[in-house]
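One structure below.
When a residue number appears, it is its place in the shown sequence, counting from 1.
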Amino acid sequence: EVQLVESGGGLVQTGESLRLSCATSGFTFDNSAIGWFRQAPGKEREGVACINMRDGSIYYPDNAKGRFTISRDSATNTVYLQMNDLAPDDAANYFCGLDQIRTRGCSVVAASMYDHWGQGTHVLVSS
């Protein structure tokens, strides 16, 4: 059974940092991609980063470039999202998703590309 479990969310002040974790199990890590998305109340789910577990390629959309860093630990099948210089606009429920058959590259253009999701972890940013 595929499982994705996010953790690391919380309340921070503007300008502070958080590191989110996505612990995974139940699938072949090598031929997949993991994406981080966020969803604020009343808004659509939007992607902030992804990583291909086979070739290590990474993609960030403009909303995350320069502030967010995605990384992986293949030994523990965990993917991280380091978020720096957080602003109130970054407040959302953050999810990791699994694109189960992705031999190279990754994308966060559409959440529908991802087959499985975790339950999310909330990030709150006070001004």
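Residues I58 and V108 are members of separate hydrophobic clusters, defined by side-chain heavy-atom contacts under 4.5 angstrom among Ile, Leu, Val, Met, Phe, Trp and Tyr. Hydrophobic clustering, with ILVMFWY side chains joined whenever heavy atoms are under 4.5 angstrom apart, groups M83 together with W36. In this structure, V48 is not a member of the same hydrophobic cluster as F95, with clusters built from ILVMFWY side-chain heavy atoms closer than 4.5 Å. At a threshold of 4.5 Å between side-chain heavy atoms, the hydrophobic network of Ile, Leu, Val, Met, Phe, Trp and Tyr places L98 and V79 in one connected group.
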Please report, to 0.1 Å, the donor-acceptor pairs under 3.5 Å made by any side chain of residues 109-118, with sequence neighbours excluded.
residue : atom : partner : partner atom : Å
Y114    : OH   : S107    : O            : 2.6
D115    : OD2  : Q100    : N            : 2.7
H116    : NE2  : Q100    : OE1          : 3.2

For residues 21-29, tabulate all N or O donor-acceptor pairs below 3.5 Å that involve a side-chain atom, not counting sequence neighbours.
residue : atom : partner : partner atom : Å
T24     : OG1  : N77     : O            : 2.7

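Atom-to-atom distance recorded for I34:CD1 and L4:CG is 5.5 Å, nearest 0.5 angstrom. With rounding to the nearest 0.5 angstrom, the CZ atom of R102 is 10.5 Å from the OG atom of S32. For the atom pair CZ of R54 and OG1 of T103, the computed distance is 6.5 Å after rounding to the nearest 0.5 Å. With values rounded to the nearest 0.5 angstrom, E44 atom CD is found 9.5 Å from E46 atom CD.
With sequence neighbours excluded, the residues forming a side chain to side chain contact (heavy atoms under 4.5 Å, CB included) with Q82 are S17, R19, T69, N84, listed by chain and number. With sequence neighbours excluded, the residues forming a side chain to side chain contact (heavy atoms under 4.5 Å, CB included) with A92 are R38, A40, Y94, listed by chain and number. Residues forming a side chain to side chain contact (heavy atoms under 4.5 Å, CB included) with R104 (at least two apart in sequence, or on another chain): D55. Contacts of I101 classified as side chain to side chain contact (heavy atoms under 4.5 Å, CB included), with partners at least two apart in sequence or in another chain: none. Qualifying salt bridge (Lys or Arg N to Asp or Glu O under 4.0 Å) partners for D89, counting only residues two or more places apart in sequence or in other chains: none.
A disulfide (SG to SG under 2.5 Å) check over residues 33-64, counting only residues at least two apart or in different chains, returns the pairs C50-C106. A salt bridge (charged side-chain N to carboxylate O under 4.0 Å, His left out) check over residues 67-78, counting only residues at least two apart or in different chains, returns the pairs R67-D90. Legend: ring pair (Phe, Tyr, Trp, His ring centres under 6.0 Å) pairs involving residues 38-93, not counting sequence neighbours: none detected.
Smallest separation of non-hydrogen atoms from S57 and G105: OG-CA, 3.2 Å.
Between S71 and I51, every side-chain heavy-atom pair lies at or beyond the 4.5 Å cut-off. Using a 4.5 Å heavy-atom threshold, the side chains of E6 and C96 count as touching. The side-chain heavy atoms of V123 and L18, taken from C-beta on, include a pair separated by under 4.5 Å. Looking only at side-chain heavy atoms (C-beta outward), N93 and R45 stay at 4.5 Å or farther from each other.
Within the hydrophobic cluster formed by Ile, Leu, Val, Met, Phe, Trp and Tyr side chains joined at under 4.5 Å, directly or through other members, L11 is accompanied by L124. The hydrophobic cluster analysis finds V5 isolated: no Ile, Leu, Val, Met, Phe, Trp or Tyr side chain comes under 4.5 Å of it, directly or through other members.
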TODO: Under the side-chain contact (heavy atoms from CB on, under 4.5 Å) rule, what do S126 and Q13 come out as? Steps first, then yes or no, please.
DONE: CA-CA 5 Å; S126 64; Q13 295 186 338; 3.5 Å; yes
